[in-house]
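Read through the structure below, which is laid out as structure tokens, and then see the notes.
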Amino acid sequence: MGLIIDFLTDPANWQGPEGIPVRLLEHITYSAVAVLIGLAIALPLGLLIGHTGRGTTLVAGFANSLRALPTIGLLIFFVVLIAPHVHGKGDTAYLIPSEIVLVLLAVPPILSNTYAGVQNVDPAARDAAVGMGMTGRQVLLRVELPCSLPLVMSGLRSAALQVIATATIAAYVSLGGLGRLVFDGQAQQLYPKMVTGALLVAALAMVTDLLIALAQRVIVSRGLSGRYSRGRTLARDEAPAELAVHAAATGQP
Amino acid sequence: MSWLRYLDQNGQQILQWLWFHTWLSVVPVVLGLAISLPLGWVARRYRWTYAPLVTLSGLLYTIPSIALFVILPGILGLGILDPLNVAVALTIYTVALLVRVVADGLASVPDDVTQAASAMGYRPVQRLMAVELPIAVPVIAAGLRVAVVSNVSLVAVAATIGVPELGQLFTIGFQLAYFVPIVIGIVMCVALAMVLDLVVVALTRLLTPWTRAVVAP
């Protein structure tokens with residue numbers, strides 16, 4: 001423990017291109033890029049599938065079978081496949097295949113939660129929207145999307161956690177990020193360095209989870225989450241099934 | 001034919017890794033279930049413990065596996081390559097996943113069923129074992145399937161820090177920039193996950209014969 005504190009308080013470990021801040025920033029960048037691309041692919045696709053009801057079995061099967069695929073195997077497969085064909089500066093050769101795998105991992109949880117969220121929208125709400133004269137697009141964007149946000153957000157949470165965890169392993173294939181501390185520490189036989197990297201990754205994952213949970217509180221309509229200001233609290237047995245929503249957020253990297 | 005030659009030359013080694021991999025995937029699920037059953041029961045029986053238990057397990061579940069593989073040896077006083085670290089880490093994940101599942105599974109037992117059991121003279125422990133747990137089996141089994149399948153993938157990660165299991169095929173493939181071991185490793189991991197998943201499904205069917213009962217027309 002003392003050794004880890006020594007490592008963390010040594011100013012040399014906080015400076016230069018291999019310092020902790022640089023590694024942390026790299027890790028956040030790799031992860032954020034992958035999650036955003038994954039979101040840009042999975043959210044529209046999930047909304048479309050949920051709205052039309054087409055292709056649900058295909059997507060469910062795809063998402064489930066991806067869980068069985070070993071992430072580390074996938075990562076190394078793509079690196080060995082793509083890296084020799086990429087010529088660029090620095091670690092581009094490793095960055096591109098790693099990002100592809102990270103995006104591949106981010107898509108299924110967001111996709112399956114989005115279409116499940118749209119399909120779980122109360123049919124009465126959908127009928128009411130149609131009855132009010134909304135077009136299909138309006139129903140989707142103004143009723144189904146807001147109503148499915150709790151599930152979409154928990155899909156985003158599992159996607160972000162999965163990506164942060166796998167980005168750590170990407171250091172094994174010569175990429176930067178916090179995983180460098182783990183694997184360099186092992187190569188140098190510096191256990192405190194390894195543990196520092198591991199603790200920082202764990203902290204990053206927890207903070208990210210917390211931030212997305214906070215964002216969820218802000219953007220999900222109070223009519224759905226049942227969080228009213230004091231005095232307007234719903235009766236106990238009316239409390240909405242927030243638990244059921246969380247239960248869908250399983251998918252440990 | 002490079003595939004067959006690779007398998008032929010390294011078959012012994014791969015089988016050994018498969019064996020380790022299977023143990024490292026299965027033992028934590030069994031241990032995790034044994035720990036989660038009483039914890040889940042507590043979360044259900046004493047409602048105030050539900051929120052803290054579920055929050056804590058959610059928190060544990062966010063820790064990336066590689067981080068846990070590295071931190072645990074320091075806490076447990078083991079060598080970093082000791083497979084026991086991997087077993088403990090995966091047991092933690094399994095418990096984190098299953099506590100909520102067990103609590104929700106027990107909560108899914110209809111009230112009139114538990115009341116009927118009590119009226120028939122079942123004592124609380126008897127009722128739990130003979131009525132509530134069997135009814136909760138399908139829900140718990142669904143959680144077990146997720147746990148066992150993701151464990152197979154998580155075990156492979158430990159190869160990056162040198163633990164001997166099927167993930168070694170990936171690290172070797174990376175060092176040699178050679179596809180054959182990588183693809184063999186992926187196929188074997190997926191196959192192992194599917195087989196273990198089927199075992200859980202088969203056990204569930206065995207434990208819930210009433211779900212196959214013919215419904216009277």
Rounded to the nearest 0.5 Å, how far apart are CD1 of I66(B) and CG of L178(A)? 12.5 Å

Tell me, side chain or backbone of L81(A) under 4.5 Å from chain B's heavy atoms, or both, or neither? both

For a 4.5 angstrom cut-off between non-hydrogen side-chain atoms, does Y61(B) reach L161(A)? no

Between V182(A) and chain B, with a heavy-atom cut-off of 4.5 Å, which part of the residue counts as in contact: side chain, backbone, both or neither? side chain

Below 4.5 Å from any heavy atom of chain A, which atoms of V190(B) appear? Answer side chain, backbone, both or neither. both

Does Q175(B), at its CD atom, have more than 12 non-hydrogen atoms belonging to other residues, nucleotides or ligands within less than 6.0 Å? yes

Suppose we call two aromatic rings close when their centres sit under 6.0 Å apart. Are F179(B) and F77(A) close by that rule? yes

To the nearest 0.5 Å, what is the distance between CG on L74(A) and OG on S153(B)? 9.0 Å

Measure the CD1-CG distance between I63(B) and L204(A) for me, rounded to the nearest 0.5 Å. 13.0 Å

Please classify the contact between V155(B) and chain A as side chain, backbone, both or neither, with a heavy-atom cut-off of under 4.5 Å. neither

I80(B) versus chain A, heavy atoms under 4.5 Å apart: side chain, backbone, both or neither? side chain

Most contact-rich option vs chain A, by heavy-atom pairs under 4.5 angstrom, among D197(B), V183(B), V152(B), T171(B), is T171(B)

Under 4.5 Å, counting heavy-atom pairs only, tell me which of L192(B), L169(B), V149(B) racks up the most with chain A. V149(B)

Can you establish whether the number of heavy atoms outside Q188(A) located under 6.0 Å from its atom CD is more than 12? yes

From I172(B) atom CD1 to I76(A) atom CD1, the distance as rounded to the nearest 0.5 Å: 10.5 Å

So for F69(B), is it side chain, backbone, both, or neither that comes closer than 4.5 Å to the heavy atoms of chain A? neither

Might you point out which heavy atoms bring A202(A) and P64(B) nearest each other, and give the distance in Å? CA-CD, 3.9 Å

How are the rings of Y94(A) and F174(B) set to each other: parallel, tilted or perpendicular (split at 30° and 60°)? perpendicular

Chain A contact via A67(B) - which portion, at a heavy-atom distance below 4.5 Å: both

Flag the one option from V173(A), V195(A), D209(A) with the top tally of heavy-atom pairs under 4.5 Å to chain B. V173(A)

Y191(A) to G74(B) - nearest heavy-atom pair and separation: OH-N, 2.8 Å

Leading residue by heavy atom contact count with chain A [cutoff under 4.5 Å; candidates I161(B), V157(B), L166(B), V187(B)]: I161(B)

Approximate separation, where rounding is to 0.5 Å, of I182(B) CD1 and L75(A) CG: 10.0 Å

Between V79(A) and chain B, with a heavy-atom cut-off of 4.5 Å, which part of the residue counts as in contact: side chain, backbone, both or neither? side chain

Greater than 12 external heavy atoms within 6.0 Å of Q16(B)'s CD: yes

Look up atom OG1 in T62(B) and atom CZ in R157(A), then write down how far apart they are to the nearest 0.5 Å. 9.5 Å

Which one wins on heavy-atom pair count under 4.5 Å against chain A: V101(B), V54(B), L59(B)? L59(B)

